[in-house]
Amino acid sequence: MKTVFLDCSPKTKLSASGFVASMTGVFVSGNKKKMKLRTKADHEAVLKELEDADTVVFSMPLYVDGVPSHVLPFLQEMEKWCRDNNPGLRVYVIANNGFIEGRQNESLMQVMENFCIRSGIEWCGGLGIGGGVMMNVMRIMIMVFLGLTVLKLAISGVNTGVFPEMGYIYGFLEDLAVVLILGCGIITFDIWLASCINRKKAYGKHYTRIMLPSFVFIIFADIFFTIISILKGGIFRGWFSRKKPG
Ligand SMILES: Cc1cc2nc3c(=O)[nH]c(=O)nc-3n(C[C@H](O)[C@H](O)[C@H](O)COP(=O)(O)O)c2cc1C
């Protein structure tokens with residue numbers, strides 16, 4: 001069984017879509033291939049990879065309540081390719097969005113289902129994840145914390161001769177526990193999706209989110225995006241921005 005994971009984020013690295021695709025891949029058995037779908041230049045290679053695939057998993061961000069515009073030309077090309085080649089593919093979708101409610105991905109799922117019907121391939125359902133930006137930030141932070149913990153262990157080992165200093169390890173495990181609790185819905189629904197891929201079963205449509213009450217999420221999101229806006233020169237557009245309007 002061959003499964004192709006398509007990271008449809010336009011980001012070249014550290015995308016939430018790429019992360020969830022990789023996480024799902026961990027639980028999927030058989031031959032797996034992860035590919036980027038960013039520009040027209042990727043289309044040919046992706047279609048070539050789909051020739052002997054059984055399953056394709058589109059992992060994508062939600063843009064303006066729908067499928068990102070750079071993915072649409074690929075869907076048009078793939079629809080034609082499916083009609084010509086009748087590949088008998090099973091299609092799953094993982095969509096993530098910035099707002100906290102995973103259900104915001106419903107319209108994207110409908111577009112992808114219609115695409116499958118028109119292309120004559122099997123729509124097997126999808127997972128919509130709310131709080132995708134936060135999920136992405138959390139997984140990057142936990143890797144940074146892991147690196148810092150290893151560094152602190154090494155320094156304290158050299159300075160004091162005590163190795164390992166358990167306080168640092170407990171501190172990291174606490175951070176990890178917080179991340180796992182906030183991400184438990186995403187992890188559970190993702191493992192379920194992977195098990196459907198393995199069993200060649202329909203998954204249906206399911207929506208999950210970061211396990212944080214919305215009013216707390218909004219406060220964190222406001223602080224995060226205010227900082228990002230200041231750093232990127234966007235809060236008072238034009239005042240801090242290095243970019244001149246074209
Ligand atoms: C142009 C654009 C449009 C977006 N539209 C929405 C939207 O309609 N609803 C939403 O919840 N998030 C929206 N987002 C946020 C993205 O879905 C979110 O940042 C996602 O986690 C990005 O995933 P990625 O890292 O895989 O690219 C939008 C982001 C961009 C850049």
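Numbering of ligands and ligand atoms starts at 1, following listing order.
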(request) Over 60° means perpendicular and under 30° means parallel, so classify the ring planes of H206 and F189, tilted if in between. (result) tilted
(message) Can you confirm whether more than 12 heavy atoms, excluding those of M1, are under 6.0 Å from its CE atom?
(response) yes
(request) For atom CZ of R118, decide whether the heavy atoms of other residues, nucleotides or ligands shown that lie under 6.0 angstrom number more than 12. (result)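 Result for CZ/R118: open.
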Which protein non-hydrogen atom lies closest to [atom], naming both residue and atom, and how far is it?
atom: atom 26 (O) of ligand 1; result: S17 OG, 2.5 Å
atom: atom 5 (N) of ligand 1; result: V64 N, 2.8 Å
atom: atom 30 (C) of ligand 1; result: Y63 CE1, 3.5 Å
atom: atom 12 (N) of ligand 1; result: G98 N, 3.1 Å
atom: atom 27 (O) of ligand 1; result: S9 OG, 2.6 Å
atom: atom 8 (O) of ligand 1; result: D65 N, 2.9 Å
atom: atom 28 (C) of ligand 1; result: L62 O, 3.5 Å
atom: atom 20 (C) of ligand 1; result: N96 OD1, 3.1 Å

Do the side-chain N and O atoms of [X] and [Y] include a donor-acceptor pair separated by under 3.5 angstrom?
X: S22; Y: K34; result: yes
X: Y207; Y: E101; result: no
X: T24; Y: D190; result: yes
X: S59; Y: D7; result: no
X: R90; Y: T3; result: no

Would you check whether [X] has a nitrogen or oxygen atom less than 3.5 angstrom from a nitrogen or oxygen atom of ligand 1?
X: F99; answer: yes
X: P10; answer: no
X: S15; answer: no

(request) Give the numbers and elements of all ligand 1 atoms closer than 4.0 Å to a heavy atom of V133. (result) 18 (C), 19 (O), 21 (O)
(request) Only heavy atoms count here, so choose which of G132, G18, A95, P61 is nearest to atom 23 (O) of ligand 1. (result)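 The residue whose heavy atom sits nearest atom 23 (O) of ligand 1 is P61.
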(request) Please answer whether the main-chain N or O of A16 pairs with a side-chain N or O of N96 as donor and acceptor at a distance below 3.5 Å. (result) no
